[in-house]
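First comes the structure, then the notes that go with it.
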Amino acid sequence: MNRESLEQLRCCAWRTVSYRAAEMAAARASIGGDHDGDAVVTSCQRLEAYGFGPCDCAAPERLKGHAALERLAAVTAGLESVVLGEDQITGQVRSAFAAASNELRSVSDVAIATARALRAETRFESHAGHLLDKALRLSTMQPGGLLLVLGAGAMGRLIAERGHELGFRVTVAARRPPEPPFGDEFVELGRVPGLPRFDVVVGCLGSGAGEIAPRVLPACRLLVDLGTPRNFNVPSSPGVVAIADMLDEEATRPHATARRRKLRARLGEILDQRLARLAETSRSPVG
């Protein structure tokens, strides 16, 4: 990656944690129509398109040059995730750039290497399954009891595993049994409306699942929505927690915001050092 490429780098970003189905569809349509050839990073919190040159899409946030590269490094390191340092996003970034041009892949190589360097010197103890901990804290509910996890993808597996660690008995509901199996019990999604009461129900369904009306769900003390777009057509309340609520709560905790700020500053230092070394190598006879 040379200086000219860095100056032309562009990031168009949507923060999707609170999106309903229609808003998510509009964002995806904009990605598909205006970002052909871009690398698109998709997670439960964001849609971000990385490419070169100008863009007039409807993205609410746009970054250029060094700021766009630093954003990609921060996303890859998990500094933009609701669970600080969660490492699942690294694989999502790799996948997003796997089929990109050589020039774009060189950008991701720098961002991934920077994120790995930060991880090597930082102790992160959380993964996406700890979203369950955050939801319990927001609801002031103690862990333990019966947990229903809707969805058997990567997120569903992590939530189920964390539920076990916290002392829940876990039921997993999906279209087909997961391989390898996890949870204490499996039920097909079609049987969910007839299930008895649970203490906690967590939605980890994919973006194509559509919104689910609460009336078809079993009764519960706490409903946790980890879908993007949201899985449940119900507003947030003491008994309903979504990812957006967790992010809002995180912003009110001085210690948490100070740590993120410090880590972002350190990430910027590592990135600048790496870019300086790349520039030196490109000018040397061996380089």
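Since the structure is predicted, the reported quantities are computational estimates derived from the model, not experimental observations.
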Test R197 against C220 for side chain to side chain contact (heavy atoms under 4.5 Å, CB included), laying out the working first. CA-CA 6 Å; R197 182 182 180 87; C220 64; 5.7 Å; no
Could you walk me through whether D133 and L166 pass the side chain to side chain contact (heavy atoms under 4.5 Å, CB included) check? CA-CA 9 Å; D133 300 67; L166 292 174; 3.8 Å; yes
In sequence, state the C-alpha distance, the side-chain angles, and the governing distance for M155 and I159, and then conclude on side chain to side chain contact (heavy atoms under 4.5 Å, CB included). CA-CA 6 Å; M155 177 69 81; I159 292 295; 4.2 Å; yes
Applying side chain to side chain donor-acceptor pair (under 3.5 Å), run through Q92 and S43 and close with a yes or a no. CA-CA 7 Å; Q92 293 166 343; S43 76; 4.6 Å; no
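Remark: the backbone N or O of I31 is not paired with any side-chain donor or acceptor of D34 at under 3.5 angstrom. The backbone N or O of T171 lies less than 3.5 Å from no partner atom in the side chain of D184, so there is not a single donor-acceptor pair. Looking only at distances, a side-chain donor or acceptor of S101 sits under 3.5 Å from a matching main-chain atom of L104. A donor-acceptor pair under 3.5 Å is formed between the side chain of D199 and the backbone N or O of L146. In this structure, T90 contributes its side chain and T76 its backbone to a donor-acceptor pair below 3.5 Å. Side-chain N or O atoms of H164 include none that pairs as donor or acceptor with a backbone N or O of E161 at under 3.5 Å. Judged by distance alone, with hydrogens and angles left aside, the side-chain atoms of D225 form a donor-acceptor pair with the main-chain N or O of N231 at under 3.5 Å.
Salt bridge annotation for E249-R137: present, with a cationic side-chain nitrogen under 4.0 angstrom from a carboxylate oxygen. The pair R71-E61 meets the salt-bridge criterion, since a charged nitrogen lies less than 4.0 angstrom from a carboxylate oxygen. Of the charged side-chain nitrogens involved, at least one lies within less than 4.0 Å of a carboxylate oxygen, so that R162 and E165 count as a salt-bridged pair. A salt bridge between E250 and R253 is present, with a side-chain N of the basic residue lying under 4.0 Å from a carboxylate O of the acidic one.
Considering all non-hydrogen atoms of both residues, A173 and L148 come closest at CB-CD1, 4.1 Å. Between V82 and R260, the shortest heavy-atom distance links the atoms O-NH2, 3.1 Å. When every heavy atom of L189 is checked against every heavy atom of P193, the shortest pair comes out as O-CD, 3.9 Å. The two residues V110 and R274 make their nearest non-hydrogen contact at O-CD, 4.0 Å. Nearest heavy-atom pair across A111 and L69 is CB-CD1, 4.2 Å. In terms of heavy-atom proximity, E70 sits nearest to R264 at OE2-O, 4.0 Å.
Sequence neighbours left out, the pairs with a member in residues 35-46 that pass salt bridge (Lys or Arg N to Asp or Glu O under 4.0 Å) are R10-D38, R46-E48. Listed by first then second residue, pairs satisfying salt bridge (Lys or Arg N to Asp or Glu O under 4.0 Å) with a partner in residues 109-122 read E121-R266, not counting sequence neighbours.
We find the OG1-CZ distance between T228 and R20 to be 11.5 Å, quoted to the nearest 0.5 Å. Note: L267 CG to L118 CG = 5.5 Å, rounded to the nearest 0.5 Å. From H130, atom NE2 reaches atom CG of L158 across 10.0 Å, with rounding to the nearest 0.5 Å. Rounding to the nearest 0.5 angstrom, the gap separating the CD atom in Q45 from the OG atom in S18 is 11.5 Å. Atom-to-atom distance recorded for E4:CD and F52:CZ is 10.0 Å, nearest 0.5 angstrom. The distance from the CZ atom of R62 to the NZ atom of K64 is 7.5 Å, given to the nearest 0.5 Å.
Cluster membership for L72 and L6, using ILVMFWY side-chain heavy atoms within less than 4.5 angstrom, is shared. With hydrophobic clusters built from ILVMFWY side chains whose heavy atoms lie under 4.5 angstrom apart, L136 shares a cluster with L131. Two different hydrophobic clusters hold L223 and I243 under the rule that ILVMFWY side chains link at heavy-atom gaps under 4.5 Å. Cluster membership check: V224 shares its hydrophobic cluster with F168, using side-chain heavy-atom separations under 4.5 Å among Ile, Leu, Val, Met, Phe, Trp and Tyr. Both L226 and V83 sit in one connected hydrophobic cluster of ILVMFWY residues. Membership requires side-chain heavy atoms under 4.5 Å apart, directly or through other members.
In this structure, the side chains of R175 and E188 stay at 4.5 Å or more apart for every pair of heavy atoms. Using a 4.5 Å heavy-atom cutoff, the side chains of V107 and L9 are in contact. The side-chain heavy atoms of P60 and R15, taken from C-beta on, include no pair separated by under 4.5 Å. Side-chain contact between S108 and R94: absent, with no pair of heavy atoms (C-beta onward) separated by less than 4.5 Å. Contact of the W14 side chain with the C57 side chain is registered, since non-hydrogen atoms from C-beta on lie closer than 4.5 Å. Contact check for F232 versus V240: no side-chain heavy atoms found under the 4.5 Å cut-off. Looking only at side-chain heavy atoms (C-beta outward), V170 and E185 stay at 4.5 Å or farther from each other. The side-chain heavy atoms of L147 and F198, taken from C-beta on, include no pair separated by under 4.5 Å.
Between the side chains of S81 and E86, at least one donor-acceptor pair of N or O atoms lies under 3.5 Å.
Relative orientation of the Y50 and F97 rings is tilted, given thresholds of 30° and 60° on the angle between their planes.
For R3, the CZ atom counts as loosely surrounded, since its 6.0 Å shell holds 12 or fewer non-hydrogen atoms of other residues, nucleotides or ligands.
Here the options are L84, L79, L263, the test is side chain to side chain contact (heavy atoms under 4.5 Å, CB included), and the partner is T122; only L263 passes.
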